[in-house]
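Just so we're on the same page: letters track the sequence lines, and every chain starts at 1.
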Amino acid sequence: MRVPREEVERIARLAALAVNESSLAELTTQIGEILEYVAQLEGIETDEPSGPVHLGPERAPLRPDTRDPTPLTLTPREMAPEFDEDFYVVPKVEGVGDEE
Amino acid sequence: MTDLLRGADEAAARIAASEETGLNAAISFDAEVIRRQAQELSERTDDLPLAGLAVGVKDNICTHEYPTTCASRILEHYRSPYEATAVRRLKAAGAIVACKTNMDEFGMGSSTEHSAFGRVRHPLDPGRVAGGSSGGSAALVAAGAVRSALGSETGGSVRQPAAFCGVVGVKPSYGRVSRYGLVAFGSSLDQIGVVGRTVADATTVLELISGRDPHDSTCADRDPLHAPLERQDLGGLVVGVPAEYFPDNLSVAIRSGCDRTVETLRRLGATVREVSLPHTPLAVPCYYVIAPAEASANLARFDGVRYGLRIPQADLHALYRETRGRGFGEEVRRRIIVGTYVLSSGYYEAYYGKAQLARRRISGDFDQAFASGIDLLFAPTTPTTAFKAGEHVRNPVAMYLSDVFVCAANLAGIPAVSLPIGRSSEGLPVGAQLMAPAFEEALLLDTAHVIEQHTDPLEEIR
Amino acid sequence: MIWETVIGLEVHVQLATQSKMFCGCSAAFGDRANTNVCPVCLGLPGALPVANLEAVRLAARAAFALEFTIHPTSVFARKNYFYPDLPKGYQISQFDKPLATHGRLTIGSSDRDDVSIRMARLHLEEDAGKSLHDRFVGKTALDFNRSGVPLAEIVSEPDLRSPGEARAYLVALKQVLQYLEVSDCSMEEGSLRVDANLSVRRAGDSTLGVKQEVKNMNSFAAVERALEQMRDSQIALLEVDEAVELATFSAATGELRMMRTKEESHDYRYFPEPDLPPLALAEDWIDGERTTLPELPRAKRRRFQQAYGQRPYDAEVLTATRAVGDYFEEVVSTGAASQAATKWVMGSVLQDANANDGALRIDPRRLAALIGMVARGDLSEQAAKRVFAELPATDDEPEAVAQRLGLLQVSDRRRITEWVNTVLSVHPEEVARYHEGDHKLVGFFMGKVMQESGGKADPKKVRAVLVERLSQME
Ligand SMILES: [Mg+2]
Ligand SMILES: [Zn+2]
């Protein structure tokens with residue numbers, strides 16, 4: 001299956017992944033091959049309900065509303081790439097300057 | 001007291017020695033860390049069933065002892081501020097987290113070549129791969145450095161390297177062992193498994209880590225596994241051999257090895273029947289839709305904001321893209337793109353929807369086989385013995401096909417164990433697997449144990 | 001041209017739980033940043049969600065009160081997008097199998113009487129962290145205390161026909177949710193947030209016009225204002241045959257500002273959350289919650305009018321919150337006449353509450369006692385207000401307070417007769433003029449008697465005794 005290069009670029013943007021020019025051609029080919037391979041599934045006729053398969057418990061266990069978080073042995077500050085005062089910090093989000 | 005410390009030092013020496021051969025099975029290993037744990041154990045007054053047993057822990061399982069890197073640049077220096085339930089239970093029972101084992105990055109791979117920290121060498125032939133993604137755990141056990149190690153399976157990642165390396169690999173039922181603290185790859189498939197030198201070694205560890213966990217909603221509400229290995233023979237047992245697992249191009253050594261084991265099964269009193277699992281060919285394509293789809297979401301949290309690698313950029317989106325683009329390796333990026341693609345609007349039904357349908361059919365095959373009076377299934381673990389390093393690296397689909405016999409059990413959530421059944425003419429280990437209905441680990445392991453007692457894993461298959 | 005405005009609202013309310021939706025962290029508002037966090041709500045590798053029963057219960061109760069159909073099995077789903085305050089890169093929400101569908105809320109509209117607004121869905125999800133864009137220059141600061149706080153998202157059908165109706169819908173919705181104690185519904189603290197969409201079409205058209213969205217309003221008034229602005233600008237365009245463009249605005253500053261949206265950002269790649277089995281609710285649990293719902297605002301208003309003879313406006317004021325309604329009924333049940341209780345609660349009590357953060361500071365039994373004293377004539381209305389003002393500062397009974405302040409009225413007939421006799425005996429001329437027909441002099445005598453009693457005499461009694469004595473003297 002041929003996947004257009006632009007489609008791979010679009011998906012990479014959606015996945016927030018930088019893809020450098022030099023590897024894009026090979027990546028596009030490989031993605032095409034993988035998608036072609038898994039496209040065998042298209043042959044399955046849909047004569048039955050196709051909801052998700054759930055393994056494990058049939059129903060979600062529900063926990064009581066108590067405050068008992070798993071304690072952290074490292075603080076947020078110790079783990080964060082950038083932390084100032086009490087906050088994690090990232091470059092300013094563009095275009096949403098007045099958004100809460 | 002001193003026994004614990006001496007044992008710890010010996011364990012550290014064994015790991016150091018095997019790493020010196022260039023195995024590269026451990027990502028983090030420190031004799032001091034081992035000793036310190038032994039020291040802490042010696043101060044405990046409670047019961048320690050594992051009495052200082054040194055275990056390897058796959059580096060996608062959160063531990064306090066070492067970084068938890070998932071063999072990825074993006075988590076190269078990441079230390080988990082909490083511990084996985086399985087690890088906590090092992091330590092409570094007196095185990096020592098001896099080292100963190102090498103793996104394919106985030107579990108994505110079948111050869112442990114996709115590690116940011118270098119590939120794992122096959123213990124018997126450094127030019128070959130150890131299998132993957134739990135290649136480090138399998139190689140470490142095979143090299144005799146530890147008796148058992150934790151691994152994880154999403155699509156055969158414990159059984160396949162165990163088969164390649166000639167050790168025992170157990171993949172429990174989905175929900176048997178808590179996933180809390182196992183870094184998610186394909187959440188509906190992931191399960192912590194155990195690599196052991198013997199069935200008994202693996203069983204001991206599995207019993208201790210299994211059982212309900214309030215931190216994992218998908219963990220079954222069951223008591224820990226109790227699997228006494230007490231059978232002497234296989235009288236009354238009905239074993240199914242699925243025709244689809246013996247294709248024409250199956251390697252001769254593996255086919256002959258399985259034939260020989262079937263003879264052993266019969267000799268020990270089992271009835272062996274051929275069965276059909278007709279949807280087996282759908283397993284790999286189904287797996288390679290579901291696992292990447294789930295992975296694309298599971299790996300979105302690695303964004304350079306709260307922990308792990310950050311490649312600083314003036315623009316936030318550039319920061320995301322550069323951090324993830326450079327922090328993830330090639331195979332991980334590929335799978336994220338495939339997973340994002342199959343979930344994106346317009347493609348969802350054709351891929352993800354169909355994959356769910358395929359999964360249902362594959363599961364249905366097992367249900368039917370087990371409902372027809374079959375107790376267990378017997379099949380080869382891999383289509384070939386350990387392949388050469390670099391053989392499949394540029395061809396992802398060929399690599400994926402090495403999982404053709406293992407990933408159906410993950411899709412169906414059933415337990416399986418791979419055990420060594422002999423050596424090929426090249427001297428490479430050959431593995432075969434047993435699969436059981438969900439939560440029938442006791443029968444599965446008991447049977448594997450009987451076979452093990454009547455098999456010489458070092459004997460050449462002719 | 002006659003234009004019709006079509007509005008739909010999406011409301012997120014934080015559910016009033018102790019802990020978060022999927023972890024045991026405190027869900028409290030206002031704690032020091034990044035202190036209520038754990039592996040789960042920070043999205044650390046390997047962490048897994050476990051759903052909070054109380055959040056499910058509160059959402060289910062809201063769904064019942066809003067006449068939704070509750071689905072015994074619903075499914076959590078991942079909504080995937082990148083945003084720095086979204087720690088996992090996806091939000092656990094519900095998508096194609098939500099907790100509840102097809103709800104209904106009746107609102108009062110100035111244009112078309114009571115109207116029933118349909119609601120599409122109510123589902124459970126987790127809140128994101130909070131982004132602070134002006135804390136640091138050129139940076140966005142992130143606080144994950146809010147990450148994972150349980151939310152119910154309530155989506156209306158596009159049934160609202162004016163910004164005023166939108167506001168009425170929000171008022172009614174908030175009132176129901178507060179009655180249920182499902183949420184604080186505080187827009188200031190962000191526990192109730194509104195996204196609105198509006199389109200305009202020719203009256204009579206059946207297809208909808210181009211929809212514009214607005215978010216980040218900080219009050220219901222701001223919602224109404226933003227919608228008015230959007231409506232007016234769309235109509236202005238349509239009047240001159242220009243096209244309305246798809247857009248999202250932010251009203252955070254009070255003015256509408258267009259927000260940049262990327263086409264890709266709408267591809268959320270929803271899929272069922274593999275970390276959570278389906279949310280399956282047992283029939284008897286559902287029935288149990290359904291049957292223990294409190295009386296809702298509309299029903300209570302109707303009952304107050306019937307049982308206590310209240311005017312619609314009074315009933316509305318006294319049922320504005322469940323606390324006020326309960327308070328009023330407590331006053332009545334501890335002995336006050338309903339009419340006097342209505343007057344007192346609507347007056348002094350609510351005034352006092354408004355000045356004190358809504359606190360109802362006087363316990364209903366003491367208020368009933370005070371009202372009883374007025375009814376018996378032991379206290380004048382004026383004096384009763386002075387006693388009321390003293391009550392918050394003391395535990396004493398109203399009677400003791402009145403006594404201490406010397407405000408008790410004398411209604412004892414013998415004493416009043418004595419004062420009347422004294423006054424009449426020292427004013428024979430006025431008595432004579434009265435008897436000649438100058439009946440206005442009653443006021444003069446009243447004043448003198450009140451003076452004589454030191455202001456303590458019950459004026460009603462005084463008048464009665466005066467008139468009686470004067471007629472006897474004729
Ligand atoms: Mg929402
Ligand atoms: Zn938390």
Side-chain angles (χ1 to χ4, degrees), chain A residues 3 7-8 10-20 23 26-28 30-31 33-57 59-63 70-76 78-83 88-94, chain B residues 64 79 81-82 174-175 188 214-215 217-221 281-282 285-286 288-289 296 300 303-310 313-317 319-322 324-326 328 330 333-334 336-338 340-342 344 350-351 353-361 363 396-397 400 411 413:
Chain A
V3 179
E7 185 69 343
V8 172
R10 184 183 75 87
I11 297 291
R13 269 199 309 279
L14 199 51
L17 278 177
V19 178
N20 56 27
S23 61
E26 192 190 18
L27 180 66
T28 302
Q30 287 171 336
I31 300 293
E33 281 167 10
I34 295 167
L35 290 172
E36 171 152 16
Y37 175 68
V38 300
Q40 306 174 42
L41 297 172
E42 279 177 55
I44 311 172
E45 62 302 358
T46 13
D47 55 351
E48 53 199 281
S50 73
V53 176
H54 285 287
L55 302 176
R59 53 174 60 198
L62 296 169
R63 60 177 188 84
T70 301
L72 300 173
T73 56
L74 295 164
T75 63
E78 288 169 310
M79 285 189 284
E82 192 180 351
F83 204 85
Y88 292 87
V89 177
V90 291
K92 186 151 183 160
V93 181
E94 290 294 324
Chain B
H64 285 321
R79 280 186 170 270
Y82 77 104
Y174 187 80
S188 75
H215 289 110
S217 301
T218 63
C219 191
D221 185 17
L282 295 178
C286 172
Y288 278 96
V289 169
S296 72
D303 58 4
V305 175
R306 284 146 292 119
Y307 50 82
L309 179 75
R310 171 186 289 194
Q313 300 284 315
D315 172 73
L316 175 72
H317 291 278
L319 183 152
Y320 283 160
R321 284 197 296 268
E322 290 303 318
R324 293 165 55 77
R326 292 198 235 166
F328 292 135
E330 201 183 349
R333 291 200 304 269
R334 236 177 347 244
I336 290 175
I337 288 176
V338 168
T340 305
Y341 183 93
V342 299
S344 68
Y351 290 100
K354 289 285 172 119
Q356 294 298 331
L357 209 56
R359 188 172 188 178
R360 218 175 270 284
R361 302 265 170 95
S363 226
V397 173
Y400 296 173
L411 290 165

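- Summarising the geometry, atom CG belonging to Leu41(A) is positioned 11.0 Å from atom CZ belonging to Arg361(B); distances are rounded to the nearest 0.5 Å.
- Residue contact with chain A, scored on non-hydrogen atoms closer than 4.5 Å, involves the backbone and the side chain of Asp315(B) alike.
- In this structure, the portions of Arg79(B) lying under 4.5 Å from any heavy atom of chain A include both its backbone and its side chain.
- Two residues are said to be in side-chain contact when any heavy atoms from C-beta on lie closer than 4.5 Å; Leu319(B) and Val90(A) fail this criterion.
- Both the backbone and the side chain of Val305(B) come within contact range of chain A, judged by heavy atoms closer than 4.5 Å.
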- Query: Going through the checks in order, is the side-chain contact (heavy atoms from CB on, under 4.5 Å) test met by Val338(B) and Val38(A)?
  - Reply: CA-CA 10 Å; Val338(B) 168; Val38(A) 300; 5.8 Å; no
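- Atom OG of Ser344(B) and atom CD1 of Ile11(A) lie 4.0 Å apart (nearest 0.5 Å).
- In this structure, Met79(A) and Arg306(B) have side chains that are not in contact, with every pair of non-hydrogen atoms separated by 4.5 Å or more.
- By the 4.5 Å heavy-atom criterion applied to side chains, Leu14(A) and Tyr341(B) are not counted as neighbours.
- Heavy atoms of Pro214(B) lying under 4.5 Å from chain A are absent altogether.
- Annotation: the span from Leu17(A) atom CG to Phe328(B) atom CZ amounts to 7.0 Å, rounded to 0.5 Å.
- Lys354(B) and Glu42(A) are not joined by a salt bridge, as no carboxylate oxygen comes within less than 4.0 angstrom of a charged side-chain nitrogen.
- The CD1 atom of Ile337(B) sits 10.0 Å away from atom CD of Gln30(A), with the distance rounded to the nearest 0.5 Å.
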